[in-house]
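The basis for the numbers below is simple: all heavy atoms, side chains too, and nothing from hydrogens, waters or symmetry mates. So you know, we letter chains A, B, ... as the sequences are listed, proteins then strands, and number each from 1.
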Amino acid sequence: MNLKSLCRPIGGGCYLLEEGVRIPVRIFMNETLFAEAEEALFQQIKNATEFPDVRDVVITPDAHTGYVVPVGCVIATEQTLCQAPVGYDIGCGMMAFRSDVDKGKGLDDRLRRRFSEEVMDRVALGVGEGGKYPVDEKKFEEIVRFGAEALGYERGNASERDFIPVDDRWKIPAKPKSRGIHQLRSLGGGNHFIELQYDQEEHLWVMVHTGSRGFGHGMATEYIQRGKEYLRQKGIRLAGGAEATYFSPDSPLWFEYKNAVAAGANFAIANRLLIWEGVGRAFRKVFGSEPELVYEISHNLVQEEEVPALGGKFWVHRKGATRAFPAGHPMLKGTRWYETGHPILIPGSMGDKSYILYAEPGAERSLYSVNHGCGRRMSRSAAKQQFTQSYVNRQMATLNVMVNAGGNVPIDESPGCYKPAEDVIASVVGAGLARVAYVLTPIASIKGND
DNA sequence: ATGTCC
């Protein structure tokens with residue numbers, strides 16, 4: 001069955017898929033992005049509707065096919081916890097800070113090279129790398145259980161969540177622990193990055209994209225495997241296949257996975273804040289000014305949320321989707337963001353703009369969520385076939401973005417691999433989900449190797 | 001995304 005052909009525009013920058021799926025799905029795309037979407041994406045959207053007590057599904061404009069469900073997918077369940085709709089990089093997300101330093105300093109080749117090198121000295125880069133913040137077991141336990149608070153950050157100030165509570169009875173699994181304990185203050189590889197940028201007022205910013213490294217990956221792997229066994233024993237197989245796993249609340253595994261996600265999220269929050277400290281020191285040293293942490297937020301998570309639009313509490317899974325609470329959202333009560341909504345951090349590709357958005361009241365139509373990036377439009381292998389090293393190096397030089405202090409540009413992360421940020425942001429703004437507060441232009445990008 | 005196969 002061709003599901004794409006069953007979608008119909010319902011206005012407000014949204015398509016509705018109602019036929020051929022268990023519950024209606026709202027797909028927030030403009031005509032251009034919808035036209036480009038392939039049927040495989042819609043088959044994965046169908047998978048997202050198949051989980052037992054799923055109540056609502058939303059697709060963001062940067063959506064592309066992922067593991068079982070799309071990257072760019074929001075799923076609200078009554079209680080069921082699903083693995084694929086969180087993904088392997090539990091707690092992966094963004095952090096941004098701004099300064100009063102003029103963009104001219106950032107564009108100075110000598111200064112941006114020095115900044116890049118100072119960052120590379122302080123933060124571990126690449127897959128398989130250990131971190132630059134060694135901790136003992138006691139400190140690691142504290143970080144995993146109390147995230148930002150274990151590092152002394154003031155509550156509700158810097159972060160989407162200071163930490164997600166982890167039950168005392170839950171024990172950190174040995175294997176993920178043995179990997180994670182050495183990986184704090186490390187960036188990882190793939191699409192993770194640290195980027196120097198400037199805003200419309202010509203002030204320097206830094207954005208960071210990273211996650212829970214081997215710690216979250218280890219737990220995701222563990223609970224996806226156990227989910228497969230759990231469903232096999234129950235004789236259940238969803239249309240999405242053996243990998244479309246979940247835990248129902250009557251299982252002890254539900255409790256375990258809930259805590260594993262919380263722990264992964266806490267690790268990721270702490271990792272981003274530790275990177276912020278390292279990058280902040282580099283920034284101060286090179287540019288001579290104290291930057292201000294704007295916000296820190298995840299785009300791969302399941303957490304229990306008050307969902308006013310659905311009239312209750314739900315388990316909101318965001319896989320490659322960013323939380324977008326507008327002003328007055330009940331979950332912002334008591335934070336500094338209650339009157340304005342919290343900042344939404346959206347990166348573009350390494351050659352493209354990034355954006356800081358604030359949610360509009362219309363975000364209630366999208367499960368209080370927007371996109372998390374621009375969406376890949378080319379596989380990594382296709383990129384390596386299509387582009388040469390010298391081409392992408394020249395491309396970034398032309399865009400005036402220094403990569404890894406003058407090193408090679410990772411071909412499969414080059415701008416041609418991603419959709420234009422403008423199209424995706426236009427979809428979000430056009431749908432009335434959020435407005436643009438800052439547009440950030442890249443100056444220097446720091447990336448790990450695969 | 002990931003000590004990209006314990």
For [X] and [N], give me the distance from atom [atom1] to atom [atom2], rounded to whole Å.
X        : N     : atom1 : atom2 : value
A:Tyr88  : B:dG3 : OH    : P     : 13 Å
A:Tyr223 : B:dT2 : OH    : P     : 20 Å
A:Asn449 : B:dG3 : CG    : P     : 14 Å
A:Ile181 : B:dG3 : CD1   : C1'   : 16 Å
A:Lys384 : B:dT4 : NZ    : P     : 15 Å
A:His182 : B:dT2 : NE2   : P     : 17 Å
A:Leu125 : B:dG3 : CG    : P     : 14 Å
A:Asn300 : B:dT2 : CG    : C1'   : 13 Å

Note to self: Measuring to OP1 and OP2 of B:dG3, would you say a side-chain N or O of A:Gln183 lies under 4.0 angstrom away?
What the structure shows: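 The answer is yes; a side-chain N or O of A:Gln183 sits under 4.0 Å from OP1 or OP2.
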
Checklist line | Phosphate contact (B:dT2 OP1 or OP2) by A:Arg213 side-chain N/O below 4.0 Å | finding: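 Affirmative; the distance criterion is met.
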
So [X], base contact, sugar-phosphate only, or nothing? Heavy-atom distance under 4.0 Å.
X        : result
A:Gly87  : nothing
A:Gly211 : nothing
A:Gly218 : nothing
A:Gly216 : nothing

Notebook entry, point to check: For A:Tyr153, which residues count as a side-chain hydrogen bond (donor to acceptor under 3.5 Å, both in side chains) partner, sequence neighbours excluded?
Noted result: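 With sequence neighbours excluded, A:Tyr153 shows a side-chain hydrogen bond (donor to acceptor under 3.5 Å, both in side chains) to A:Trp276, A:Glu277, given in chain and number order.
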
Side-chain donor-acceptor contacts of residues 254-265 of chain A below 3.5 Å, not counting sequence neighbours, with atom names and distances?
residue, atom, partner, partner atom, Å
A:Trp254, NE1, A:Gln79, O, 2.7
A:Glu256, OE1, A:Tyr223, OH, 2.6
A:Glu256, OE1, A:Arg226, NH1, 3.4
A:Asn259, OD1, A:Asp167, N, 2.7
A:Asn259, ND2, A:Phe255, O, 2.9

Next item on the list: Taking the six-membered ring for Trp and the single ring otherwise, decide whether the centroids of A:His209 and A:His299 are under 6.0 Å apart.
Entry: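 They qualify: ring centres under 6.0 Å apart.
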
Item checked: Ring center gap for A:Phe215 and A:Phe140 short of 6.0 angstrom ->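 Here the rings of A:Phe140 and A:Phe215 have centres that are less than 6.0 Å from each other.
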
Notebook entry, point to check: At what distance, to the nearest 0.5 angstrom, does OG of A:Ser354 lie from CD1 of A:Ile425?
Noted result: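 Result: 9.0 Å between the selected atoms.
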
